[in-house]
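The structure appears right after this line, and notes come after that.
Quick note on labels: first sequence line is chain A, next is B, and so on, each numbered from 1.
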Protein chains: 2
Amino acid sequence: MTDETLTIRLMCEQFAVTPRTLRFYEAKELLFPLRKGHARLFTRADRARMTLILRGKRFGFSLEDIRQLLDMYDPGGSNEAQLTRTFELAQKRLHQMEAQRAELDIAITDLNLQLAEGARLIAAFRSAAT
Amino acid sequence: MTDETLTIRLMCEQFAVTPRTLRFYEAKELLFPLRKGHARLFTRADRARMTLILRGKRFGFSLEDIRQLLDMYDPGGSNEAQLTRTFELAQKRLHQMEAQRAELDIAITDLNLQLAEGARLIAAFRSAAT
DNA sequence: AGCGCACTTTACGTTAACGTAACCGTAACG
DNA sequence: CGTTACGGTTACGTTAACGTAAAGTGCGCT
């Protein structure tokens with residue numbers, strides 16, 4: 001059985017975050033560690049969520065955005081209406097992400113052009129320093 | 001001559017921001033409007049900068065990050081050392097952006113898979129409702 | 001002169017995402 | 001049995017990127 005539950009320390013190591021962060025995420029209902037006495041035990045599900053949380057953060061989603069996305073990765077709302085609402089929300093996110101990628105592509109192209117120009121300038125400086 | 005300089009109001013309209021934002025950007029040395037008396041006049045260069053600022057913001061760069069990037073788009077640091085440093089900074093950004101795009105692609109793929117699963121679930125619900 | 005309007009500066013308020021300090025419990029170790 | 005180690009709960013502090021309110025300035029009009 002992979003009941004491999006982690007203490008807060010180990011969890012912190014695995015994801016390179018502080019205890020404060022994990023407690024904060026629990027408060028924000030992004031993680032739901034079990035309790036053994038008063039201590040937290042992070043489950044496999046929590047670890048899966050953490051991966052998604054960190055990924056979400058890296059491209060600029062807010063924790064609140066991420067919380068909503070996480071709900072979708074769950075077998076949570078088991079009635080059709082809820083499921084449909086969640087599905088539509090996910091589609092909106094997807095469009096946002098695709099738009100973001102499109103902009104990122106443009107920016108990368110721009111920056112590449114600027115880099116080429118920069119390289120040209122530097123080369124000019126060097127050849128001028130004969 | 002395209003000395004088409006804009007008042008703060010017009011500038012706000014063009015970029016859909018508030019006066020506070022423009023003043024704030026000036027304080028942070030992202031914009032350098034001229035002064036006619038005590039009033040600001042935004043130049044074509046300022047408008048170009050604004051476009052870049054807003055683009056930068058859209059994929060999560062901080063204003064400080066953006067300020068450094070803007071320096072590169074300038075004929076500003078006219079010595080080789082400065083130019084080279086700026087060039088390297090830009091390269092780092094580029095790598096960050098490419099990494100970000102790679103992750104975004106993964107996330108988009110993930111989300112697409114989840115959406116497919118979601119669609120399957122919803123379809124199941126509907127056929128069950130015979 | 002008086003009025004209003006657009007613009008200004010100064011400065012305190014706000015939200016997100018934690019950091020950090022203070023204080024408490026308990027379990028193991030020497 | 002004291003203390004070190006790890007865990008916990010308040011609760012105030014911090015940074016970024018503005019919002020917002022207060023109070024002053026200049027100018028064009030009547």
* To do: Could you go through the side chain to side chain contact (heavy atoms under 4.5 Å, CB included) check for B:T21 and B:Y25 one step at a time?
  => CA-CA 6 Å; B:T21 299; B:Y25 289 174; 3.5 Å; yes
Is it true that [X] and [Y] have a side-chain N and a carboxylate O under 4.0 angstrom from each other?
| X | Y | answer |
| --- | --- | --- |
| B:R120 | B:E117 | yes |
| A:R44 | A:E4 | no |
| A:R126 | B:E80 | yes |

Note to self: Can you confirm whether A:L63 sits close enough to A:R67 that some side-chain heavy atom of one is under 4.5 Å from a side-chain heavy atom of the other?
What the structure shows: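 No, too far: nothing below the 4.5 Å cut-off.
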- Message: Would you say that A:L22 contacts A:R40 through its side chain, given a criterion of any heavy-atom pair below 4.5 Å between the two side chains?
- Response: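 No; the side chains remain at least 4.5 Å from each other.
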Give the first and the last nucleotide of DNA chain C, reading 5' to 3', that has any atom under 4.0 Å from a heavy atom of chain A.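 Range of nucleotides touched by chain A: C:dA17 to C:dT20.
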inquiry  = Contact list please: residues 9-18 of chain B against DNA chain C, heavy atoms, distance less than 4.0 Å, in numerical order.
reply    =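 When residues 9-18 of chain B is checked for heavy atoms under 4.0 Å from DNA chain C, the hits, listed by number, are B:R9.
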* Asked: If we ignore angles and hydrogens, is there a donor and acceptor under 3.5 Å between the side chains of A:Q100 and A:Q96?
  ->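 No, A:Q96 and A:Q100 have no side-chain donor paired with an acceptor closer than 3.5 Å.
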**Message:** D:dG7, OP1 or OP2 - any side-chain N/O from A:T7 closer than 4.0 Å?
**Reply:**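 So the side chain of A:T7 is within the cut-off, an N or O lying under 4.0 Å from OP1 or OP2 of D:dG7.
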Checklist entry - Hey, what else clusters with B:L41 if you join Ile, Leu, Val, Met, Phe, Trp, Tyr whenever side-chain heavy atoms sit under 4.5 Å? => result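 Besides B:L41, the cluster holds B:L34.
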What is the bend of the helix from C:dA1-D:dT30 to C:dG30-D:dC1 when you compare the axis at one end with the axis at the other, using five pairs each and rounding to 10°?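 Inter-axis angle at the termini of the helix from C:dA1-D:dT30 to C:dG30-D:dC1: 30°.
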Shortest non-hydrogen separation from [X] to [Y] and the atoms involved:
| X | Y | value |
| --- | --- | --- |
| A:L31 | A:D46 | CD2-O, 3.6 Å |
| B:R47 | B:T5 | NH1-CA, 4.4 Å |
| B:F87 | A:A119 | CE1-N, 3.7 Å |

Using a 3.5 Å cut-off and no angle test, enumerate the donor-acceptor pairs between side-chain atoms of residues 7-15 of chain B and protein atoms at least two apart in sequence or in another chain.
{"from": "B:T7", "atom 1": "OG1", "to": "B:R9", "atom 2": "N", "distance (Å)": "3.4"}
{"from": "B:T7", "atom 1": "OG1", "to": "B:L10", "atom 2": "N", "distance (Å)": "3.4"}

Walk me through whether A:L30 and A:R49 qualify under side chain to side chain contact (heavy atoms under 4.5 Å, CB included).
CA-CA 8 Å; A:L30 291 168; A:R49 279 165 169 272; 5.5 Å; no
Those residues of residues 21-36 of chain A lying under 4.0 Å from DNA chain D by at least one heavy atom:
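The stretch gives A:R23, A:R35 as the residues lying under 4.0 Å from the strand, ordered by number.
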Quick check on DNA chain C: between B:I8 and A:E64, whose nearest nucleotide comes earlier from the 5' end?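 Looking at the nearest nucleotide for each, B:I8 comes out on the 5' side.
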